[in-house]
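Have a look at the structure below, then the notes.
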Amino acid sequence: MRKIVVIGAGQAGASCVAKLRNSGFEGAVTLIGEEPVPPYQRPPLSKAYLMGDMALERMFLRPESFYAENDIDLRMNTRVTAIDAAAKTVTAGPDVLDYDDLVLATGSVPNRLPASIGGALNGVFVVRDLADVDTMAPRFTKGAKVLIVGGGYIGLEAAAVASKLGLQVTLVEMADRILQRVAAPETSDFFRDLHTRHGVTIREGVGLERLTGEGAVTGALLTDGTALDVNFVIVGVGIQPATALADMAGVTVENGIKTDSHGRTSNPHIWAAGDCASFPYRDGRIRLESVPNAIDQAECVATNIMGADTAYTAKPWFWSDQYDVKLQIAGLNTGYDTVVTRSLDGATSFWYYQGDTLLAVDAANDPRGYMIGKRLIEAGKSPAPQTIADSDTDMKALLKS
C-alpha cells in the first residue's frame, strides 16, 4: 500500500490530505502537526479571534472527526525530529514512519527580537500561532500600553484590535513608511491616516534601540532617544520559511524549499507547498505567504503525487482586515513605476502599472474593483491608466474589451 506523509498541519498540509482523499487516493495518509489542535485558519488569530469574536472551534478548517472519517491519521502535538531521505522514513515523536512520498508543508517562523535588546523578556510576543495569541490575549485590557514593532500587515492588524479594545497603541517602523516592503506610498498613506484617526501613534523612520525591564518588559528606548513605558510588546518584523526539516532531508533550499513547477523538490519523492516553498513564476522564482497560495499549491501537489503532471500557476491574492476596512490585493506589484488611484463612493483602490502593464490592485472597501482587477490581471488585460483614473469608466465593460 502506498504511503504518503505530510508534515505541517496548517492550511497547506490540511488542503493536501483532503485533496488526496477527495481525488480517490486509497493509500495510507498521515498528517503531522506540532500544535495540540486540528488544522485551523491563521488569519483570524490577529483579528476576530484576538478580539474575542470567533471561538476556537469556528477556526478549525474541518471538524476533527473529518480526519478519522476519511482515514487520515492526524497526529497532533507531534514533533518531527528526523527525516532519512535514503531510507524514506520520518521520525515523529516515538514512531518511525515509512513513506513513498513526503510533503513538507512546514510553513514559516516569525522573526524575533534578539535577546540582547530585550527580546527574551516576559511580555514580548509574536503573532504566529494559537499559543501566541492565547498567551497575549489577557493583556488586551482597556488603558494598557502596547508597543508594536513593525509596520507590516500583522503589526497593523494587531494595532487595530488593540485600539478597538481601548489600549494605548504606539507602532514603530524603522523604514521610512509603514508597508514600505509590500505597498505603494499611496496605500501607506491610506492606512496611516486610518490608524491615526483611531488614536494609534505611528512613528516611521524610528527603530527600537532596546526593551527594558527586569525579567518582564516595562519600557522601550527608541532610536531617536524616546523612552516609552509599555505593558507589553508585539513584534511583527517578518517571517522566514521553515526549512530546518528540508535541510535535514538534504533537499535544495533557495528562498524556501526549492520546488519545480509541479511542487517536487530536488528529491523526487519529497514535495513542498505553502509558505515554506519557492517555485517558478514567470521568469523568476517566488515564495508566496498567503492562504490562497497554500491551498492551491497543496492541492496541485496532491494531484501530482497521484500522477496528474500539472504545473502550478499562481494567481496571487491577499487580504487584510483593519477596523471597518477590508483590503483586498490582487496580483504582485513588484517592478511597478506608476500608481493610479481610483476613489468612488467610499471605495478606494490603487492600481499598479509597469509601463502600460497592469500588475496589481490594492482595493480598500472596494470588492468590485478588486474582482475586476483580479480578472483583468489573470486575463493579461491592461486598461490604460487614465481609463482607470476616470470615475466615469464602466469598470465591468473593461472585462469585455
Side-chain angles (χ1 to χ4, degrees), residues 43 46-47 151-157 160 175-195 275 279 281-284 286-297 312-401:
S46 59
K47 299 182 275 286
Y153 286 119
I154 286 292
L156 292 173
E157 289 169 359
D176 293 338
R177 58 182 174 84
I178 57 173
L179 300 176
Q180 181 166 301
R181 185 179 67 86
V182 295
E186 290 85 348
T187 299
S188 298
D189 292 345
F190 179 93
F191 282 99
R192 183 189 308 107
D193 291 345
L194 175 67
H195 282 270
D275 285 8
F279 57 92
Y281 182 76
R282 296 179 179 171
D283 296 326
I286 63 171
R287 186 173 54 83
L288 290 178
E289 301 163 1
S290 75
V291 168
N293 173 71
I295 295 171
D296 294 345
Q297 192 176 27
Y312 174 56
T313 302
K315 298 178 179 179
W317 63 278
F318 316 84
W319 78 89
S320 176
D321 294 316
Q322 299 171 45
Y323 307 105
D324 57 350
V325 173
K326 185 172 190 68
L327 175 68
Q328 295 169 287
I329 303 168
L332 296 176
N333 64 26
T334 306
Y336 77 91
D337 51 37
T338 304
V339 177
V340 175
T341 301
R342 181 178 175 84
S343 189
L344 188 66
D345 299 328
T348 302
S349 52
F350 306 102
W351 300 66
Y352 295 79
Y353 282 83
Q354 183 179 52
D356 295 326
T357 302
L358 176 63
L359 299 178
V361 178
D362 295 345
N365 285 347
D366 186 6
R368 181 181 177 87
Y370 162 75
M371 285 305 301
I372 290 172
K374 186 173 187 290
R375 290 173 63 184
L376 288 169
I377 292 165
E378 292 175 357
K381 296 181 178 181
S382 297
Q386 57 268 30
T387 300
I388 296 297
D390 186 351
S391 60
D392 292 329
T393 295
D394 180 356
M395 297 292 286
K396 193 172 182 180
L398 299 176
L399 297 171
K400 302 174 184 178
S401 61

Validation row: [X], [Y] side chains within 4.5 angstrom (heavy atoms):
{"X": "Leu398", "Y": "Lys381", "result": "no"}
{"X": "Val291", "Y": "Trp317", "result": "no"}
{"X": "Phe191", "Y": "Ile178", "result": "yes"}
{"X": "Leu179", "Y": "Phe190", "result": "no"}
{"X": "Asn293", "Y": "Tyr312", "result": "yes"}
{"X": "Leu156", "Y": "Leu194", "result": "no"}
{"X": "Gln322", "Y": "Lys47", "result": "no"}
{"X": "Pro43", "Y": "Trp319", "result": "yes"}

Enter the distance from [X]:[atom1] to [Y]:[atom2] here, rounded to the nearest 0.5 Å.
{"X": "Ile372", "Y": "Ile377", "atom1": "CD1", "atom2": "CD1", "value": "12.0 Å"}
{"X": "Leu288", "Y": "Lys315", "atom1": "CG", "atom2": "NZ", "value": "14.0 Å"}
{"X": "Ser290", "Y": "Asp275", "atom1": "OG", "atom2": "CG", "value": "7.5 Å"}
{"X": "Ile329", "Y": "Phe350", "atom1": "CD1", "atom2": "CZ", "value": "11.0 Å"}
{"X": "Leu327", "Y": "Ser320", "atom1": "CG", "atom2": "OG", "value": "6.0 Å"}
{"X": "Arg282", "Y": "Thr313", "atom1": "CZ", "atom2": "OG1", "value": "11.0 Å"}

Got a donor-acceptor contact below 3.5 angstrom from the Arg342 side chain to the Asp390 backbone?
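Such a contact is found between Arg342 side chain and Asp390 backbone.
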Distance-only, no hydrogens or angles: does the Asn333 side chain make a donor-acceptor pair with backbone N or O of Tyr336 under 3.5 Å?
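No.
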Going by the rule salt bridge (charged side-chain N to carboxylate O under 4.0 Å, His left out), which residues pair with Arg287 if we only count those two or more places apart in sequence or in a different chain?
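Glu289.
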If the condition is salt bridge (charged side-chain N to carboxylate O under 4.0 Å, His left out), which residues does Asp193 pass it with, not counting sequence neighbours?
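Counting only residues at least two positions away or on another chain, Asp193 forms no salt bridge (charged side-chain N to carboxylate O under 4.0 Å, His left out).
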Tyr281 and Phe279 aromatic ring geometry - parallel, tilted or perpendicular at 30°/60° bounds
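Correct class here is perpendicular.
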Quiz: residues 354-365 side-chain donor-acceptor pairs under 3.5 angstrom, not counting sequence neighbours:
residue, atom, partner, partner atom, Å
Gln354, NE2, Gly335, O, 3.0
Asp362, OD2, Thr187, OG1, 2.8
Asp362, OD2, Tyr352, OH, 2.5
Asn365, OD1, Lys326, N, 2.9
Asn365, ND2, Asp324, O, 3.2

Residues in side-chain hydrogen bond (donor to acceptor under 3.5 Å, both in side chains) contact with Thr393, at least two apart in sequence or another chain:
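side-chain hydrogen bond (donor to acceptor under 3.5 Å, both in side chains) list for Thr393, sorted by chain: empty.
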For Thr348, enumerate each residue passing the side-chain hydrogen bond (donor to acceptor under 3.5 Å, both in side chains) test, keeping only those at least two apart in sequence or located in another chain.
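Residues passing side-chain hydrogen bond (donor to acceptor under 3.5 Å, both in side chains) with Thr348: Ser343.
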May I have all residue pairs that pass side chain to side chain donor-acceptor pair (under 3.5 Å) and include part of residues 367-376, sequence neighbours excluded?
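The answer is Lys374-Glu378.
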Under a 3.5 Å threshold, yes or no: a donor from one side chain and an acceptor from the other, between Ser188 and Glu186?
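Side chains of Ser188 and Glu186: no pair found under 3.5 Å.
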